[in-house]
Number of protein chains: 2
Amino acid sequence: MPDPLYRQIAEKLQRMIESGVLPPGAKLPTEPELTRVYKASRNTIRQAVRWLTNRGLVQTRLGQGTYVVQRARPFLTTLSADPDTGLGGGEGEAYREEVRAQGRDPFAPPPRVEIRQATGVIAEELGVPDGSSVVARRQQRYIDEAAFSLQTSYYPMSLVDAGAERLMDAGSIEPGAVHYLREVLGFRQARYRDRITVRAPRAEEAGFFKLPDNGRVSVFETFRTAYDGAGKPFRLTVTVFPADRNQFVVFAGEVPADARKALTAVAASATGNARPNDA
Amino acid sequence: MPDPLYRQIAEKLQRMIESGVLPPGAKLPTEPELTRVYKASRNTIRQAVRWLTNRGLVQTRLGQGTYVVQRARPFLTTLSADPDTGLGGGEGEAYREEVRAQGRDPFAPPPRVEIRQATGVIAEELGVPDGSSVVARRQQRYIDEAAFSLQTSYYPMSLVDAGAERLMDAGSIEPGAVHYLREVLGFRQARYRDRITVRAPRAEEAGFFKLPDNGRVSVFETFRTAYDGAGKPFRLTVTVFPADRNQFVVFAGEVPADARKALTAVAASATGNARPNDA
DNA sequence: GCAAATTTGTTCGTATGTATT
DNA sequence: CAATACATACGAACAAATTTG
């Protein structure tokens, strides 16, 4: 039995998009036009377009039309520690350097600082009792004016008691909290564990990242637990990145310098074109 | 101006799901029932349910009903090299060990082996001319009888010429291709670069992993380029994992043994409950 | 094993609302 | 303000898959 009508129409449009007949940014015919071309009711046409929307191929704009999506240039975050600085990617100074190295423009407003009760994952990862107080430093980051990540770092209150008072400063800690903790408490970074997950965005996240409200684009959520010299966790950093414009890189062992650069070119070659897993 | 009716209905159902009134696995009322309860047409009810479906909260089954989704226990793959064996996660022997370490049951049928022409990413990453021949070894992997990953490793034909003839064997190379290359050509693993991306599944992948056909669940696609002692790439491994049941872990520096174990508990604590990024 | 009932899926038609040009 | 374009909502009929009797 053939596919339902709306699928047939959707697949025809999909082929036009993937073959380049409808290039990124192009406007699809309007619903009444498609109704005439494919001799289907408007509801069926709308169902076909919705199918494309759910797959992230097109995007509809009320009052304007339906357009083939333009993929943003992906940004690469290195998770493994830098062999020179010993810093992991995505945080403070390391973030700004990595953005500039990719020829792009970083911006981060001062963090919001709050005192919260540790619960669930936060308490477990920091090894503090459930309900005890932690400092939460919440940071928004932009690249080329576009929202790029939402990061919250949690520190046990015991660090503040031990002398790291500036953790509770409302402004930025320059050149970075990692650096500050090393100076004040002697903690060396480059001992951490990252966990990388993917999930649907929450409403606030969808708003901040300007994601389509159909739940189509998911977000990466990374959990970084950092340990001090004695192996005790002293920091948990949770970061959310939109999955449609972010990728991660991990280096193991001594990887040639060539392979560390010019990665952006490979990353940008849309996975939609190269299909290394086809049969 | 309030939300449209279908959204109001969807959000009421969403609250029932998230508050536990409708626990995972529960059956939602049928469409005719919802029609009566919310005094909306069947089409509007269906739109509300579709909204929940697009967010991955429920799943409809033709002829049966609509059910609250049950999240599978996530599986963790370690990307950074094992400090003892020097092996990266997700490949050959390392895969089986990691699965058993998490108390689960690995299964992998023998790989399919093909000769292909290198194009795009494959040629670039392996540093071979576009169009030259490569050996592709394609492997399906299961955990607890469920499809878990689809992996293809590419090797330049020059390795076969240099003596690694078994790369073209149809069956498995025990205890693993990495081990074999070290024996025959002296390549040491533990020099590689991983790139982690997320995208919509292709039709074959959705079929193999039994993903819902609405494009809701996306897949991780990881690209691992391995380098020999001279810094020349000798292998590219592309792996696809369903994002709804997989997570990744990266260790940097000497992380305490405690933090390497008991990770599964933290990972399983559904991100749907703990909301570390809320305002 | 078959038929009926139940439940979601597809397709049409129609009317009205809202945002953009 | 008018025309265009997508969004919401209702009603109706039949199809396909599953469960029940």
Side-chain angles (χ1 to χ4, degrees), chain A residues 1-14 17 22 25-69 206-207 210-216, chain B residues 1-14 17 22 25-69 206-207 210-216:
Chain A
M1 256 14 273
D3 276 352
L5 182 54
Y6 80 92
R7 283 284 296 266
Q8 296 177 38
I9 297 171
E11 278 158 14
K12 279 177 191 168
L13 291 168
Q14 182 181 19
I17 292 168
L22 291 168
K27 184 177 181 301
L28 261 64
T30 66
E31 290 174 355
E33 281 168 345
L34 291 171
T35 300
R36 282 191 293 277
V37 172
Y38 294 108
K39 302 191 205 314
S41 75
R42 186 177 163 226
N43 279 337
T44 300
I45 294 297
R46 281 178 61 73
Q47 203 173 349
V49 172
R50 188 164 51 234
W51 192 86
L52 296 171
T53 305
N54 284 340
R55 252 140 274 260
L57 292 170
V58 303
Q59 180 183 352
T60 62
R61 294 201 277 269
L62 209 168
Q64 296 186 49
T66 302
Y67 297 84
V68 180
V69 294
K210 297 199 187 8
L211 302 178
D213 74 339
N214 60 1
R216 173 63 199 96
Chain B
M1 54 257 106
D3 275 354
L5 182 54
Y6 79 92
R7 283 281 296 267
Q8 296 177 39
I9 296 170
E11 278 158 14
K12 278 177 192 167
L13 290 168
Q14 183 181 17
I17 291 168
L22 291 168
K27 183 175 182 300
L28 261 64
T30 67
E31 291 175 355
E33 282 168 345
L34 292 170
T35 300
R36 282 191 292 277
V37 172
Y38 294 107
K39 301 190 206 316
S41 75
R42 182 176 168 227
N43 279 335
T44 300
I45 294 298
R46 281 178 61 74
Q47 203 172 350
V49 173
R50 187 162 53 232
W51 191 85
L52 297 171
T53 305
N54 284 340
R55 253 141 273 263
L57 292 169
V58 303
Q59 181 183 356
T60 62
R61 295 201 277 268
L62 207 166
Q64 296 186 52
T66 302
Y67 298 84
V68 180
V69 295
K210 297 197 184 13
L211 302 178
D213 75 339
N214 60 2
R216 173 63 199 96

Next item on the list: Could you tell me the separation between the CD atom of Gln47(A) and the P atom of dC6(D), rounded to a whole number of Å?
Entry: 17 Å
Check: Between dC12(C) and Thr44(A), is there an OP1 or OP2 to side-chain N/O distance shorter than 4.0 Å?
Finding: yes
Notebook entry, point to check: Roughly how many Å is it from CZ in Arg46(A) to C1' in dG9(C), rounded to a whole number?
Noted result: 18 Å
Check: Is there a side-chain polar atom (N or O) of Thr66(B) under 4.0 Å from OP1 or OP2 of dT7(C)?
Finding: no
Check: Got a second to check how far Ile9(A)'s CD1 is from Asp3(A)'s CG, nearest 0.5 Å?
Finding: 11.5 Å
Next item on the list: May I ask you to verify if any side-chain N or O of Gln64(A) is less than 4.0 angstrom from the OP1 or OP2 atom of dC6(D)?
Entry: no
Next item on the list: Nearest 0.5 Å please: distance from the CG atom of Asn54(B) over to the CG atom of Asn54(A).
Entry: 4.5 Å
Checklist line | Closest to side chain of Thr30(B), choosing from dT19(D), dT10(C), dT8(C) | finding: dT8(C)
Note to self: Can you work out whether Pro32(B) or Lys39(A) has the more 5'-proximal nearest nucleotide on DNA chain C?
What the structure shows: Pro32(B)
Next item on the list: Give the rounded distance in Å between these two atoms: CD of Gln59(A) and C1' of dA5(D).
Entry: 15 Å
Check: Quick one: on DNA chain C, does Pro4(A) or Lys27(B) contact a more 5' nucleotide (nearest heavy atom)?
Finding: Lys27(B)
Check: For dT7(C), does either OP1 or OP2 sit under 4.0 Å from a side-chain N or O belonging to Thr60(B)?
Finding: no
Item checked: Minimum heavy-atom distance between Trp51(A) and Asp213(B), given as atom pair plus value -> NE1-O, 4.2 Å
Check: Could you give the CG-to-P distance, from Asn43(B) to dG9(C), as a whole number of Å?
Finding: 12 Å
Next item on the list: Find the distance Leu62(A):CG to dA19(C):C1' and express it as a whole number of Å.
Entry: 5 Å
Margin query: From the set dT8(C), dA9(D), dA7(D), return the single nucleotide nearest to any side-chain atom of Glu31(A).
Written below: dA7(D)
Check: What's the CG-P distance between Leu28(B) and dT8(C), to the nearest Å?
Finding: 9 Å
Next item on the list: Ignoring hydrogens and angles, answer whether the base of dA5(D) and the side-chain atoms of Arg42(A) contain a donor-acceptor pair closer than 3.5 Å.
Entry: no
Note to self: Expressed as a whole number of angstroms, how long is the span from Trp51(A):CH2 to dG9(C):P?
What the structure shows: 16 Å
Check: Atom CD1 of Ile9(A) to atom C1' of dC12(C): distance rounded to whole Å?
Finding: 13 Å
Item checked: Phosphate contact (dT18(D) OP1 or OP2) by Arg61(B) side-chain N/O below 4.0 Å -> no
Note to self: For a 4.5 angstrom cut-off between non-hydrogen side-chain atoms, does Arg216(A) reach Thr53(A)?
What the structure shows: no
Check: Hey, is the main chain of Thr30(A) close enough, under 3.5 Å, to the side chain of Glu33(A) for a donor-acceptor pair?
Finding: yes
